[in-house]
Amino acid sequence: MTHRAMNFNAGPAGLPLEALEETREALLDLDHTGIGVLEHSHRGAAYERVHQEAQGHLRALLGLDEAWSVLLLQGGASQVFATLPMNFLKPGQRALYAVTGGWGEKALEEAQRLGDAVDVTPMAKQYRRIPAAAEHRVEAGAAYLHFTSNNTLEGTQYDAFPTGGGAPVVCDMSSDILWRPTDLSGLSMVYAGAQKNIGPSGLVVVLVRRDWLAEARRDIATIFRFATHDANGSLYNTPNTFAVYLTRCILRNLLRDGGLAEAERRNRAKAARLYSALDAEAGFYTLPVERPHRSAMNVVWRLGSPELDARFVKEAEREGMFGLKGHRSTGGIRASLYNAVTLGDVEALAQFVTAFARRNG
Ligand SMILES: *Cc1c(COP(=O)(O)O)cnc(C)c1O
């Protein structure tokens with residue numbers, strides 16, 4: 001069998017082997033058509049079925065009816081940082097941003113290029129916590145409130161979502177979409193770059209309420225209007241057919257294997273195992289995030305010095321564990337425990353965490 005390392009990368013991240021193997025076959029021959037998935041027309045029946053199945057699986061997993069548009073777009077989450085205000089921030093309006101981490105900072109910066117946008121969560125910018133609902137200073141009449149459900153860099157995660165005080169609420173769910181059953185009824189739009197917790201890069205999922213879409217600006221480039229893609233079933237222009245195919249396989253297997261309830265059970269067990277190994281060696285490892293706000297997806301910690309951090313990463317690699325180096329902006333160690341990471345991989349990492357502390361503490 002192909003050698004597969006234990007992969008704790010933050011994104012692009014590890015992908016489920018079964019879906020990769022199926023995609024390897026489809027690369028040469030999609031569904032016995034004699035044409036590979038990369039070679040099919042996006043206007044043909046073979047690809048269209050894949051495309052619609054991917055959208056349907058997202059609807060099934062998240063319980064979305066036809067009031068929601070399910071878009072499969074290119075450009076990534078960073079592009080949505082710009083297209084969100086292009087579509088929904090009108091002159092004379094103000095957009096609210098709950099900035100709880102580095103990605104939220106970038107989202108706010110893009111909105112400020114286009115119009116009036118402010119941070120409504122004044123908090124210490126080491127980002128060790130998630131503000132309480134009442135700390136979000138929402139104001140009446142805002143264009144929308146934007147927040148990041150899981151801070152990929154800092155390792156913090158919302159439990160209950162904030163409310164917009166009447167304004168539509170938009171969530172960047174790039175690093176924790178599909179980690180558990182999620183009630184989206186309080187939100188008007190959700191977006192997620194696929195390469196964290198869904199599938200491959202080159203695809204961004206945008207879920208948006210059609211009634212809000214009807215209010216969006218029309219005076220922007222056609223390609224950047226979410227309404228364009230809604231009207232064309234995300235086939236206005238050529239989509240990333242390969243990424244959609246792989247995503248279709250991953251989502252179908254997720255549904256088959258118990259859906260998001262089962263994903264949550266596994267994800268909680270993984271996070272609990274790793275955090276408890278780290279907490280048990282609290283004198284040796286430092287966990288910066290306040291306990292109630294710890295992310296189940298991105299676990300961050302540091303050792304006594306950058307040199308010791310580097311040694312941890314290097315020795316972990318010798319044992320087959322990769323992707324543990326913290327983000328360049330934060331340093332330290334980060335283990336990303338997305339849906340595709342197995343409990344077995346986390347068990348191996350937890351045991352290494354314990355052994356490394358005993359050897360070096
Ligand atoms: C990775 C990430 C992004 C950026 O995604 P791209 O697809 O690379 O643009 C934005 N927001 C969050 C929360 C992320 O984790």
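All ligand and atom numbering here is 1-based and tracks the order in the structure. Quick caveat, the model's predicted, so the values are computed rather than measured.
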Item to complete: Output yes when Glu105 and Lys125 qualify as a salt bridge under the 4.0 Å nitrogen-oxygen rule, no when they do not.
Response: no
Item to complete: Before accepting this row, confirm whether a basic side-chain N of the pair Arg256/Glu262 lies closer than 4.0 Å to the acidic partner's carboxylate O.
Response: no
[Y] side chain reached by [X] side chain, heavy atoms, under 4.5 Å:
X      : Y      : answer
Met189 : Leu84  : yes
Leu72  : Gln55  : yes
Met297 : Gln157 : yes

Item to complete: Answer with yes or no whether Gln195 contacts ligand 1, where contact means a heavy atom under 4.0 Å from a ligand atom.
Response: yes
Worksheet entry | Minimum-distance protein heavy atom relative to atom 5 (O) of ligand 1 | Ala77 CB, 3.5 Å
Worksheet item: Starting from atom 1 (C) of ligand 1, which protein heavy atom do you reach first, and at what distance in Å?
Response: Lys196 NZ, 1.5 Å
Counting each atom of ligand 1 from 1 as listed, which ones have a heavy atom of [X] under 4.0 Å away?
X      : answer
Phe81  : 10 (C), 11 (N)
Ser174 : 10 (C), 11 (N), 12 (C), 13 (C), 14 (C), 15 (O)
Gly76  : 7 (O), 9 (O)

Discussion item. Please state which option from Asp172, Thr152, Leu203, Ile177 has its nearest heavy atom closest to atom 10 (C) of ligand 1.
Written reply: Asp172
Are any of the N or O atoms of [X] closer than 3.5 Å to those of ligand 1?
X      : answer
Gly75  : no
Gln79  : no
Thr148 : no
Ser78  : yes

Worksheet item: Side chain of Gln74, backbone of Val204: donor and acceptor closer than 3.5 Å?
Response: no
Worksheet entry | Under 3.5 Å donor-acceptor, Arg59 side chain and Asp65 backbone | yes
Discussion item. Just to verify, what does Asp309 make a salt bridge (charged side-chain N to carboxylate O under 4.0 Å, His left out) with, not counting sequence neighbours?
Written reply: none
